[in-house]
Amino acid sequence: MALQSFGLRKIFSDLYTVFLFTQSDIRIALIPVTLFAVAAAPLSSPLRLFDTVLWIWLHLLQFDVANQIKAPDEDKINKPSRPIPAGRITVHDATILRWALVPICLAYSALYSVQLTFVSLSMLLFTAWYNEHDGDKQPLSKNVLTAIMYGCLEMGGTLVAARDHTQLSPTGQIATELTVAVFSSTLHAQDFKDADGDRQTGRRTFPIAYPVISRIAIGLAIPLWSILLALMWELDVLSGTAFVAYGCFVGARFMLYRSGLDDKRSCKYYSTWFSLHHLFPAYWYYYHGDNGHPSLAFVEHILNSSIVA
């Protein structure tokens, strides 16, 4: 009986250790990507929700393990509760887990479609580029690679959630492309709070390389994207005004409040803003159904009007 009790405690402890690898990304990745997949697919069945979350979480886990075995010293400063700096798992064992997850992710994807398997493979290759081949060392490559991998998560999650596992709807495809664009241009919002640890490991993030310009950039990008997204998804006046106002609030916080604690709080507000726009495909489907899809026609109209004037 004692051996069984010990065995159960060991299993639950190991599962909790695995969970801790992804804990910090639940708010910025797992929840918004799941919301996006459910909204953009749209979800074919309530039972499909578990499959969708599992696919997203497995691929997020393999990225997080690869990332955390690379710079455990950084995590001692920025995130000491993560499993390696907390002493719950060694770097050697985490490395074994990292490479064991590769065939697991591919095999799970192959259960659905060849297309999903290619998405999974792309995610795995970009993960290796980012971590094992130092794609995270420069601000530009770090932002671009992270945004592409985020797009892979969204594309894969949407394919799992949809009735057709082989292709995205036009609305889902546009939504994925928009997310990659938004994330690549605002991703450094998460880097302000980790600046001390990044300096120690030699990582040149945008806030470290350009401390003033990076705050101005995020302070302008979030409000401007809020306006563009509200227009593109054709939000009603009340919803659009609320979303734009919140975006202006988040952008202003990054420019005005600059301490470490302020940056952590601003990052939480950013996560909420980023998650909200993942629901817009559902808004579109609710009001427009499968008829048509969002477009940039209003931008062309504005440009044409300006040229004529």
Side-chain angles (χ1 to χ4, degrees), residues 28-44 48-49 52 55-56 59 109 112-116 118-120 122-123 126 143-187 221-237 239-244 246-247 270-304:
I28 192 61
L30 183 62
I31 292 176
V33 172
T34 301
L35 290 174
F36 177 91
V38 170
L43 189 67
S44 60
R48 190 67 70 186
L49 179 60
T52 303
W55 190 94
I56 296 168
H59 287 76
S109 301
Y112 292 91
S113 68
V114 173
Q115 289 80 0
L116 184 60
F118 277 114
V119 174
S120 178
S122 298
M123 178 69 185
F126 282 119
N143 281 20
V144 171
L145 286 172
T146 303
I148 291 173
M149 287 187 287
Y150 205 95
C152 288
L153 288 177
E154 292 191 331
M155 189 180 299
T158 303
L159 287 174
V160 175
R163 185 172 286 103
D164 183 355
H165 303 309
T166 64
Q167 62 181 348
L168 299 178
S169 67
T171 298
Q173 184 174 343
I174 290 172
T176 302
E177 293 168 354
L178 271 175
T179 298
V180 171
V182 172
F183 202 43
S184 62
S185 58
T186 62
L187 171 63
I222 294 177
L224 290 175
W225 271 119
S226 299
I227 296 170
L228 180 64
L229 291 169
L231 292 173
M232 190 164 183
W233 290 106
E234 298 182 13
L235 302 185
D236 60 81
V237 175
S239 300
T241 301
F243 182 67
V244 171
Y246 185 68
Y270 167 79
S271 298
T272 301
W273 174 83
F274 191 66
S275 296
L276 284 173
H277 99 262
H278 283 67
L279 296 172
F280 293 167
Y283 180 97
W284 178 272
Y285 281 127
Y286 181 80
Y287 284 101
H288 302 280
D290 294 329
N291 300 320
H293 52 78
S295 71
L296 291 172
F298 69 91
V299 176
E300 296 176 3
H301 177 72
I302 293 174
L303 293 175
N304 290 334

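None of the values given here were measured: they were computed from a predicted structure.
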Notebook entry, point to check: From Ser169 OG over to Trp284 CH2, what is the distance, rounded to the nearest 0.5 angstrom?
Noted result: 11.5 Å

Next item on the list: Determine the minimum heavy-atom distance between Ala175 and Phe36, stating which atoms define it.
Entry: CB-CE1, 3.4 Å

Margin query: Measuring only between side-chain heavy atoms, which start at C-beta, is Tyr150 closer than 4.5 Å to Leu187?
Written below: no

Check: Taking side chain as C-beta onward, heavy atoms only, is His59 less than 4.5 Å from Cys152?
Finding: no

Notebook entry, point to check: Are Tyr112 and Leu159 close enough that some pair of their side-chain heavy atoms sits under 4.5 Å apart?
Noted result: no

Margin query: Distance check, rounded to the nearest 0.5 Å: Ile174 atom CD1 versus Leu168 atom CG?
Written below: 11.0 Å

Check: Just checking, any donor-acceptor pair under 3.5 angstrom between side chains of Trp55 and Ser120?
Finding: no

Margin query: Can you see whether Trp225 engages Ser185 through a side-chain donor-acceptor pair at a distance of less than 3.5 angstrom?
Written below: yes

Notebook entry, point to check: Could you state the interatomic distance from CG (Leu153) to CD1 (Ile148), rounded to the nearest 0.5 Å?
Noted result: 12.5 Å

Check: Any side-chain heavy-atom pair from Ile222 and Ser226 closer than 4.5 angstrom?
Finding: yes

Note to self: Looking at Ser113 and His165, would you say the former's side chain and the latter's main chain have a donor-acceptor pair under 3.5 Å?
What the structure shows: yes

Item checked: Point-to-point distance, once rounded to the nearest 0.5 Å, from CG of Leu43 to CZ of Arg163 -> 9.5 Å

Next item on the list: Find the distance between CG (Leu279) and OH (Tyr286) and round it off to the nearest 0.5 Å.
Entry: 14.5 Å

Checklist line | Shortest non-hydrogen separation from Tyr285 to Gly172 and the atoms involved | finding: OH-N, 4.1 Å

Checklist line | Distance in Å, Met155 CE paired with Thr158 OG1, rounded so as to fall on 0.5 Å steps | finding: 8.5 Å

Check: Taking the side chain as C-beta and beyond, is there a heavy-atom pair between Trp233 and Leu178 under 4.5 Å?
Finding: yes

Checklist line | Closest contact, heavy atoms only, Ala230 versus Val244 | finding: CB-CG2, 4.2 Å

Checklist line | Flag, side chain of His277 to backbone of Phe274, donor-acceptor distance under 3.5 Å | finding: yes

Next item on the list: Side-chain contact test, heavy atoms from C-beta onward, threshold under 4.5 Å: evaluate it for Leu49 versus Thr34 and give yes or no.
Entry: yes

Item checked: Proximity of Tyr283 and Phe243 rings by center, below 6.0 Å -> no

Next item on the list: Provide the closest heavy-atom pair for Ser184 versus Asn143 in the form atom of the first, atom of the second, distance.
Entry: O-ND2, 3.5 Å

Margin query: Keeping Ser275 on the side-chain end and Ser271 on the backbone end, is there a donor-acceptor pair under 3.5 Å?
Written below: yes

